[in-house]
Amino acid sequence: MSPALIILSLVSAFLAATMIFAKSPVTAALGLLGVLICTAGIYGLIGEHLVATIQLVVYAGAIMVLFVFSIMLLNLNILETDFRRKPKMLAGALVLSALVFGGLAYALNEHYAGNHAIHGAGPYTPEFIKSLGGNTVVLSHALFSQFYISFEVISLALIVAVVGAVVLAKRKVD
């Protein structure tokens with residue numbers, strides 16, 4: 001493993017802890033921004049330059065602007081997010097987090113333990129992807145031909161979420 005990969009992983013872990021334990025929502029959002037940038041760096045180091053670019057443009061750029069805009073628009077107060085004042089909320093969050101991560105770990109274990117032995121890697125081997133023109137060509141062809149309806153539904157869901165957040169924030173301001 002390269003030293004740069006280890007450094008980016010450690011910085012990402014530190015920023016994730018900062019994000020979780022931050023008292024201010026803006027500090028938490030900036031910690032998430034750092035994690036997303038480190039993740040893009042990790043993708044770049046392992047040779048997935050398209051995914052690294054998408055990570056920077058979409059997540060570190062657009063989504064983080066949306067998060068910071070929502071935080072500023074909703075005017076979150078520290079008292080609303082302070083777990084020390086609401087220990088039941090902290091206990092509930094910890095239990096829910098443990099259930100979600102446990103379920104994900106179980107599902108991933110079942111998927112990788114069972115499916116790959118039966119189905120194999122599929123038709124997209126590295127040699128086959130290279131013969132088709134590379135990762136970008138294969139990904140764009142799949143995204144805009146096979147999965148275009150899913151792509152459009154996700155963009156529509158994001159627009160509905162933004163409009164809903166603005167309506168809720170406007171109702172709170174009035």
Side-chain angles (χ1 to χ4, degrees), residues 1-72 81 93-94 96-155 157-159 161-162:
M1 218 185 311
S2 73
L5 188 63
I6 293 171
I7 291 170
L8 279 174
S9 300
L10 291 174
V11 170
S12 180
F14 173 75
L15 289 170
T18 301
M19 178 185 68
I20 291 171
F21 296 113
K23 292 182 182 178
S24 167
V26 175
T27 305
L30 291 175
L32 178 60
L33 176 63
V35 170
L36 294 174
I37 291 172
C38 287
T39 304
I42 291 170
Y43 283 134
L45 285 174
I46 63 173
E48 295 296 331
H49 302 292
L50 175 70
V51 178
T53 304
I54 290 173
Q55 177 80 18
L56 281 176
V57 171
V58 174
Y59 292 110
I63 300 297
M64 283 310 300
V65 168
L66 178 67
F67 280 4
V68 172
F69 177 72
S70 300
I71 289 169
M72 298 298 181
T81 59
L94 290 175
L96 184 63
S97 298
L99 287 173
V100 168
F101 286 123
L104 284 172
Y106 176 76
L108 285 172
N109 184 34
E110 288 296 313
H111 173 74
Y112 285 114
N115 282 346
H116 284 281
I118 298 169
H119 300 295
Y124 291 104
T125 62
E127 295 80 22
F128 184 61
I129 291 173
K130 197 171 203 176
S131 72
L132 291 176
N135 286 337
T136 307
V137 173
V138 173
L139 178 65
S140 60
H141 183 267
L143 184 63
F144 295 117
S145 64
Q146 184 179 359
F147 299 111
Y148 70 93
I149 293 176
S150 303
F151 181 74
E152 291 301 324
V153 167
I154 289 172
S155 66
L158 286 173
I159 290 172
V162 169

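Along the sequence shown, the residues carry numbers beginning at 1.
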Checklist outcome for this item: When every non-hydrogen atom of Ser145 is compared with those of Tyr148, the smallest separation belongs to O-CD2, 3.0 Å
Item to check | Ser12 side-chain N/O to Leu8 backbone N/O, donor-acceptor pair under 3.5 Å | outcome: no
Next on the checklist: How close do Cys38 and Leu15 get, counting heavy atoms only, and between which atoms?
Outcome noted: SG-CD1, 4.3 Å
Checklist entry - At their closest point, which heavy atom of Leu33 faces which heavy atom of Ala60, and how far apart are they? => result CD1-O, 3.3 Å
Checklist entry - Measuring from Thr39:OG1 to Leu56:CG, what's the distance to the nearest 0.5 Å? => result 9.5 Å
Checklist entry - Could you state the interatomic distance from CZ (Phe21) to OG1 (Thr18), rounded to the nearest 0.5 Å? => result 9.5 Å
Item to check | Pairwise distance CD1(Ile154) to CD1(Ile159) - rounded to 0.5 angstrom | outcome: 12.5 Å
Item to check | Shortest non-hydrogen contact between Ala52 and Ala40, atoms and distance | outcome: CB-O, 3.3 Å
Checklist entry - Does the pair Leu132 and Phe128 meet the rule for a side chain to side chain contact (heavy atoms under 4.5 Å, CB included), with working shown? => result CA-CA 6 Å; Leu132 291 176; Phe128 184 61; 3.5 Å; yes
Item to check | Gap separating the CD1 atom of Ile54 from the NE2 atom of His49, nearest 0.5 angstrom | outcome: 13.5 Å
Checklist entry - Only one of Ile37, Leu30, Val58, Leu36 forms a side chain to side chain contact (heavy atoms under 4.5 Å, CB included) with Met64, so which one is it? => result Leu36
